[in-house]
Structures are given as structure tokens and as C-alpha cells.
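Read through the structure below, which is laid out as C-alpha cells, and then see the notes.
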Amino acid sequence: MEQVRPVGRGLYPHMRQARSTVPGSIGDVAQPDSTPPFERCVRYATGPRGHNEARMSGSTLQAQAELVRRRAADLAGELSRSARRTATIAQERAVLRMLGVDGLDRAGRPLAASLAERYCGSDAGRLARGVILPFVVAMLEYDMPARELALEGASGAIDLGLEAELLQRPDRLAAAEKRAAQLLQAALLRFDANRTATREMREVLGLPDEPWLGVALQATEVRAAVAETRAVVAQGAYLVQVSVPASWEFAEARRQAGLEIPGLFEFEAPRRGREARRGDKRRRVEATRPADSPVPAGSQRGLASLRKAADNAAAQRGCYASLMTVTSAFAAPEQAVVAAFERIDYVAADPMREIVEDNLDPERALADHAFAHRLQVRAGCRVVVGPGPLALGADVASGIPSDAPTRAGRALALQALGVELALADGLPADRLLLGAVPDWAVGDGDAGSILLQSWLRRVVFPGHRLVVGGPLGWLTSPARAVAAVSALTGGIASLVVEPSVTGTVATMAADLAAAARTAGALRATLSDGALHGDAEVLAARTLRAASAALERLSSEGWASLLGPADLGANDGRLGRSAVVERADGPTSGARLLKGLAWD
């Protein structure tokens, strides 16, 4: 999808709006406010008590916030029920990982992806029934472990389609179901053991005071990433964020669409080209990656090394250290399995961002994440939902730009929908962390806008922990520190993730603690915490826009946000061909998969 720069990105309280009589209309004329940003932040938060400052009652904004959550919950319930009945190729890759299929095939591709693609391909019937029973009946037939059978199946030496015919015999079907249930149970027991180990380590080592400091790794290769992890944990970081390389399916879909492929492991692209030119004989000989080949830090093998490094550094420091992975599109089910196997504490996975920014088919994205949520419920990891993407598809299709509160309201609506979907899929509220400030608000750099966005999320999502993050650092300069104070004042964040280390981690930790103390002092002066003046009006307009966006989404479908298909704004969405309704027949794996979450 062609990226379009947002129109009119000067947002919120530093702009004196001459509004039309219709909330959310596009005819606003902005006059800049010359007051310094931080003073504006405090002024609009505390509210000067002049006679022209009509104070909006807290109950009014609270009622609007509750309406947003209620509409999001109603819509999420319906979408979640539909998503749980759906099968995707990514779910089949995750199932194969649970059965013991990991690593690369002989051509250097992810083995689970190769096997799932070879078996399911474009056959909707096979995808609907799933790969689990054909794979397990072949394991029994050839008496081979999972990985060896997967290598033979991915190369075409063993045809799972032919082996699936054995499932027509009742004795073979019963044996395959019994063995498949045992393999899945073994995987779930590994989930449970890691969940217990994590809980016990947290209890023994303890956690630092909130807000916690997180640091994104810069190294992409595992050896350098291990050294970096040890260093940042030793210096005071609570969390290490690791980017997972783009999934093979996402990379191929982007390549076929002629789009740039973000998130590829830097060593992968040339290696893949070399592998494609190798002959069949060499492919049969080379079953795994050579020992000296670089390993991505975000791969399952790399994450296992990072987990060990973080545990060792945390034990020496005397305080628990967490890992968080950031996944690409089409990777949510597999990453949920990897997170459970390798004791990943936090997973940043947001279906709304994938739909809007990565151009995914909505049904496909929701199905993938519904499956992932079921695994995350069992594994006990925490899920980070973003602050809401900037949805401009309908504006681009119509040629009419929306105003700032409408855009902010859409982002808030999509975040609310993402939260309610996770809750509907069974994730407890205390294991959901929510982005506090959208990236585009941070990019504008206005303290009042940042405070308002954070405040809105505290009001709409009471009881949820907030995360302050994004591509721009919060502790890199005095100006950025003001932004951090604004975000922490508007909503009490539990975690602040820096995209890189500036100076030392110890200095950043001290700066974060100072910003948190300043924000706490500011909150103490806010009395009942109500907004006043322009800020209260903008909050109300944003909440109304969020509610309206959810109402339109419910009645008109995704075209209301992504643009109508007949204008081309909603055509060509990625992943549309790899999603079907899951079958319930005797040779389907649906019954086996129902036990993945807690009963």
C-alpha cells in the first residue's frame, strides 16, 4: 500500500482551534500558541481557572470512555468468535513447532514453513483439516522423530498427502490421534514448567520499582546480542526488547507485491540468494545451517541464548530481567509457541497495526492472533498492544483528510478493539500492557498532545498497565525528557522502552526515575485530574470520534477505516488466500487443538 504522509500533523493543545459547529469536521483553522511546550502541558492539564474556562465534568468524559469500551467489546465478541473458528497457514506452522519441528530445511528456509506450505499449498480442504494428523500418522508409519520426518516431507521425499489416506482406517486414525494428543500435551507441559520457573525466579530475585526501563537491542546476530544483553541488564535495564526477523510468509508476500521487506535478518538476503542457486545434490547434503553461519538474535535458537544471558546477568545483579519480542505480520502463532518454549516474558503483537500498516487481510490477522492468544493464556506471558495505528485509508480513498481529533479517535478505537479482542480470547486484564502514546503524537513533540493521549488511555483503560515506547527515545535530551514527563503525568506507565542506549543504561535509569518523580509531583497538583479548556474539548472530541469509528466499523465493516474495495483502497490485502473455516470432520485436527488453553 502506498504510504501517505498524514495531513495537518500539528495536534492538540498548542493549536488554538477555530472549530466548526460539527465535531470532527475538517474545516478547522489552527492558530499557533507561543507558550513553551512544557508550560502548555502543565497549563492544559491543571487548567487555569479563568471565568471563560468551562470545566467539563469527569462523569461526562467517563461516560464517553465507557461507551468506547462497550462498543469495542460488543464488536470484539463477534469478531473473536469468528476468528476462533478459522484456520490459517500460520497456525499450522505453530502446531508443527509444538510437535518438535524447528530449525531450517535443506534449502535454508524455516522448516515448519516449508512443510506447511508443501502440504497445504493452495488446497483449502487440507488447510481446513490441518496438518497435525497427516504428520503424526506419517511419524508412526515411518517410525521417525518429528524433525527428521519434517525434513523428508519438506523435500518431497515423503508425501504427507498420500500418508493422510491412512487416516481413513479407524485403527490408524485412533493411533494418530492418541500420539498427537501426547505430543501436544508434552508441549503444554513445557509451557507450564517455564511458566512456573519464571514465576519462581521473579519471586526470588524480585522486580525493580516502576516505571521499569526497557532497552531495544541493536545487535541482530546472536553472539553480539548476548554480549549486549549482559551489559544492559548488568547496568540496570529491567527489560530487553528483541526484534524477530520478518516471517518467511510476510517476506514472500511483500516481495511478490513489489514492496520493501522490513525486518529481514541482515545476513539472510544474500544467503537466501546463494541457496536458491545451489543444486539439488547440495541441498540434499546440507540438512542444517552451517555451524559458523550467523544466527538471528530473534530466532528461536537466538532467543534461547538471550534468555540464558539475561538470567545469568540478572542473578549477578540480584533483580529479575525480562525479555520482550516484537513480531512481524503472519508470525503471531509461531511466536507464541517460541515465547512459551524460551520463557519470553512479553510479546508485542498487535493485529490492528498489522491490518492498517502492514496491509493484512483483517480476517487473517484476527485469526492468527486469536490462536496466539490461546497459547499465551496457557504460557503466562504478557501481551503488549500498541497505542493504535494511524488509519488513513478511508481518507486517501475519499480524498478528504480528517482532522486531528478524528484521526486520534480512530487510533484509540482500534486500540480499544485490540484490547477487547485479547480479553475475549481469554487473556486476563493483568497480562495486557497498552501503548500510552501513538508514534505520530510523539513525533510532533508537543508536550500537551503527549499528555492528552496518555491521559485518554488511562481513562479508557483503567486498571491496565501502560507502556511508553516507540522509535524516538524518551531520555535522550532535555526536550525528550519533557515528553517523558508529559507521558508519565497523563498516565502512570509501568514500562518505558528506549530504542537505543544513549550514554549508559545506568544514567538512563536515573533519568527515568527523575522523570517519574517529577510526573508524580505534577499529578499531585492536579487535584481530581480533570482536564480543562482546549484539552477537555479535544479529549471529548477524540472520544466521540473513537465511538463513531467503532459504530461505523460495526455497521459498514473494515471499509469504513481502510477504504472501500471498489475504489481499490481495500484490494490486494496480504494473506487473504491462506485463511479458511476450520473443518470438524473425523480427520480434522480441530478436536485436538481445543485443549491448547486452560480448560
Side-chain angles (χ1 to χ4, degrees), residues 38 201-202 205-243 266 296-298 302-303 305-326 344-346 348 384 433 435-437 439 442-443 445 447 450 465-489 492-521:
F38 187 71
M201 288 190 67
R202 284 178 175 167
L205 295 176
L207 300 178
D209 294 333
E210 297 186 22
W212 303 314
L213 174 63
V215 177
L217 285 184
Q218 300 303 298
T220 59
E221 195 276 328
V222 68
R223 286 172 292 188
V226 163
E228 187 178 351
T229 296
R230 290 172 180 159
V232 298
V233 171
Q235 293 177 33
Y238 160 74
L239 178 142
V240 177
Q241 177 179 291
V242 188
S243 293
E266 61 180 306
L303 289 171
S305 298
L306 295 183
R307 179 72 270 174
K308 183 177 180 180
D311 285 345
N312 290 339
Q316 294 177 6
R317 177 184 161 201
C319 190
Y320 185 78
S322 294
L323 293 182
M324 178 167 76
T325 54
V326 180
I344 305 302
D345 304 274
Y346 299 84
V384 180
L433 284 83
V437 185
D439 293 345
V442 179
I450 292 170
R465 283 191 166 100
L466 299 180
V467 178
V468 174
L472 299 177
W474 294 89
L475 305 169
T476 56
S477 68
R480 301 304 306 156
V482 170
V485 170
S486 301
L488 295 172
T489 301
I492 305 175
S494 295
L495 175 64
V496 176
V497 181
E498 286 290 279
S500 62
V501 175
T502 302
T504 67
V505 174
T507 300
M508 294 170 63
D511 290 343
L512 176 57
R517 288 193 299 270
T518 303

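No hydrogens, no waters, no symmetry mates; every other heavy atom, side chains included, goes into these values. Since the structure is predicted, the reported quantities are computational estimates derived from the model, not experimental observations.
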Reported CG-to-CG distance for the pair Leu239 and Asp345, which is rounded to 0.5 angstrom: 7.5 Å
Distance-minimising heavy-atom pair for Ala487 and Val468: CB-CG2, 4.1 Å
Glu228 side chain vs Gln218 backbone, donor-acceptor pair below 3.5 Å: yes
Spatial distance of atom CG (Leu475) from atom OG1 (Thr507) [nearest 0.5 Å]: 10.5 Å
Side-chain touch Thr325/Leu303, heavy atoms, less than 4.5 angstrom: yes
Closest contact, heavy atoms only, Met508 versus Val501: SD-CA, 3.8 Å
Approximate separation, where rounding is to 0.5 Å, of Leu488 CG and Ser494 OG: 10.0 Å
Those residues that, when tested against Ser322, pass side chain to side chain donor-acceptor pair (under 3.5 Å) (two or more places apart): Tyr238
Pairs flagged by salt bridge (charged side-chain N to carboxylate O under 4.0 Å, His left out) wherever residues 498-517 is involved - sequence neighbours left out: none
Side chain proximity check, Arg465 to Val384, heavy atoms < 4.5 angstrom: no
Check: Asn312 main-chain N/O paired with Arg230 side-chain donor or acceptor under 3.5 Å: no
Atom of Gly214, atom of Leu495 and distance for their closest heavy-atom approach: N-CD1, 4.0 Å
Closest contact, heavy atoms only, Ala321 versus Ala310: CB-O, 4.1 Å
Minimum-distance pair of heavy atoms, taken over all atoms of Gly298 and Val242: CA-CG1, 3.9 Å
Short side-chain to backbone donor-acceptor contact, Arg307 and Ile344, under 3.5 Å: no
Check: Val226 and Leu306 side chains under 4.5 Å, non-hydrogen atoms: yes
Residue pair Leu512 / Trp474, side-chain heavy-atom distance below 4.5 Å: no
Any side-chain heavy-atom pair of Val467 and Tyr346 under 4.5 Å: no
More than 12 heavy atoms from other groups under 6.0 Å of CD1 on Ile492: no
Value rounded to 0.5 Å, distance of CE in Met324 from CG in Leu217: 10.5 Å
Verdict with supporting geometry, Leu207 and Trp212, side chain to side chain contact (heavy atoms under 4.5 Å, CB included): CA-CA 9 Å; Leu207 300 178; Trp212 303 314; 4.2 Å; yes
Taking every non-hydrogen atom, the tightest pair across Pro211 and Ala493: CB-O, 3.5 Å
Give every donor-acceptor pair under 3.5 Å between a side-chain atom in residues 478-485 and any protein atom, sequence neighbours left out.
| residue | atom | partner | partner atom | Å |
| --- | --- | --- | --- | --- |
| Arg480 | NE | Gly473 | O | 2.7 |
| Arg480 | NH2 | Gly473 | O | 3.4 |

